[in-house]
Amino acid sequence: MRLSTKEKFRLSILATLRWTMAITFLIYGMAKIYPGQFITGDFVFDSTKDSAMKLAWYFFGYSDFYNYFIAAGELLAALLLVIPRTATLGNIIFLPIIANITVLNYCFNIPAKVVCVPLFAMSLLLVLMEYSKLKGIFFVNTATPMQKVDIQTSERKVTVK
């Protein structure tokens with residue numbers, strides 16, 4: 001089966017977006033595990049001098065479990081994105097995580113907006129490019145076509161010697 005140029009271009013775009021998103025989340029997920037992305041230790045915050053970002057970093061650094069939980073979500077999304085068969089599921093996991101990161105970056109004035117906004121846009125673009133598949137799965141339930149199953153019953157006698 002030969003693919004058209006348009007379809008090759010579409011698949012190239014999908015793969016480029018998926019790999020970019022996956023590599024970025026792989027880096028960020030690993031950074032949360034070792035050596036740790038957030039500030040840990042004693043919490044001293046002076047609201048007249050310290051930034052909102054410092055407050056956020058102390059808050060997220062307070063719980064190791066939370067860091068591992070977020071890292072697991074990012075690493076799972078990254079892994080699923082690189083496998084073509086599970087890429088759509090990876091993006092479904094990726095989108096709410098990157099949306100949360102984007103909102104946090106704007107609310108706490110974290111300068112990583114230059115990374116998270118394009119990632120958020122990439123994830124939305126992937127959702128739009130996979131719209132018909134997602135519509136079939138979540139709304140119409142046509143992802144698996146209905147099949148008629150004929151059940152034939154017959155009586156057989158079995159002789160055992």
Side-chain angles (χ1 to χ4, degrees), residues 3 6-144:
L3 297 175
K6 182 180 175 183
E7 185 62 17
K8 287 179 185 177
F9 182 71
R10 186 181 90 69
L11 292 174
S12 296
I13 294 292
L14 285 172
T16 303
L17 293 175
R18 287 186 5 245
W19 276 94
T20 302
M21 293 162 52
I23 290 169
T24 306
F25 258 30
L26 180 68
I27 293 167
Y28 277 101
M30 294 303 291
K32 285 176 180 61
I33 295 172
Y34 181 80
Q37 182 179 4
F38 303 114
I39 300 170
T40 57
D42 292 335
F43 177 65
V44 177
F45 182 77
D46 183 357
S47 62
T48 60
K49 296 178 189 174
D50 294 331
S51 68
M53 179 181 164
K54 185 175 180 182
L55 176 64
W57 252 233
Y58 271 115
F59 175 77
F60 292 125
Y62 182 77
S63 170
D64 287 335
F65 177 79
Y66 181 77
N67 281 310
Y68 296 141
F69 178 75
I70 295 300
E74 290 175 350
L75 294 172
L76 177 65
L79 175 68
L80 292 173
L81 279 167
V82 298
I83 303 169
R85 179 165 245 167
T86 61
T88 303
L89 177 60
N91 191 37
I92 290 170
I93 294 169
F94 186 95
L95 184 59
I97 295 171
I98 197 65
N100 184 48
I101 292 169
T102 303
V103 169
L104 285 169
N105 287 347
Y106 275 97
C107 291
F108 291 95
N109 200 24
I110 298 168
K113 296 177 205 97
V114 297
V115 175
C116 71
V117 171
L119 288 173
F120 182 72
M122 288 178 198
S123 184
L124 283 178
L125 183 60
L126 278 178
V127 166
L128 292 174
M129 291 178 82
E130 300 285 346
Y131 175 75
S132 61
K133 182 193 304 185
L134 293 170
K135 180 182 170 190
I137 293 170
F138 290 111
F139 301 112
V140 184
N141 196 20
T142 58
T144 54

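Below, each value reflects all heavy atoms present in this structure, side chains not excepted, and no hydrogens, waters or symmetry copies.
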Between [atom1] of [X] and [atom2] of [Y], what distance do you get to the nearest 0.5 Å?
X    : Y    : atom1 : atom2 : value
K133 : T88  : NZ    : OG1   : 3.0 Å
I98  : T24  : CD1   : OG1   : 8.5 Å
L126 : L95  : CG    : CG    : 9.5 Å
T16  : M122 : OG1   : CE    : 9.5 Å
L125 : E130 : CG    : CD    : 10.0 Å
L75  : Y28  : CG    : OH    : 14.0 Å

Short side-chain to backbone donor-acceptor contact, [X] and [Y], under 3.5 Å:
X   : Y   : answer
D50 : D46 : yes
S12 : K8  : yes
N67 : I33 : no

Heavy-atom side-chain contact between [X] and [Y] under 4.5 Å:
X    : Y    : answer
F94  : L80  : no
E74  : I101 : yes
Y34  : M30  : no
I97  : F25  : yes
N105 : V117 : no
L17  : N91  : no

Check [X] against [Y] and note the closest heavy-atom contact, atom names and distance.
X   : Y    : answer
A71 : K32  : CB-CB, 3.9 Å
M53 : N109 : CB-O, 4.5 Å
G90 : A77  : O-CB, 3.8 Å
I93 : G73  : CG2-O, 4.0 Å
M21 : L81  : CB-CD1, 3.9 Å

Inset, instruction - Might you confirm whether atom OH of Y58 has over 12 heavy atoms from other residues, nucleotides or ligands at distances under 6.0 Å? - result: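 More than 12 within 6.0 Å, yes.
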Legend entry - Stepwise side chain to side chain contact (heavy atoms under 4.5 Å, CB included) check, L79 with T86: CA-CA 9 Å; L79 175 68; T86 61; over 6 Å; no
Legend entry - Partners passing salt bridge (Lys or Arg N to Asp or Glu O under 4.0 Å) against D64 (at least two apart in sequence or in another chain):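 Counting only residues at least two positions away or on another chain, D64 forms no salt bridge (Lys or Arg N to Asp or Glu O under 4.0 Å).
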Legend entry - Criterion ring-ring contact (aromatic ring centres under 6.0 Å, His included) against F60, the qualifying member of F65, F69, Y66: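 Running ring-ring contact (aromatic ring centres under 6.0 Å, His included) over F65, F69, Y66 with F60 returns exactly one hit, Y66.
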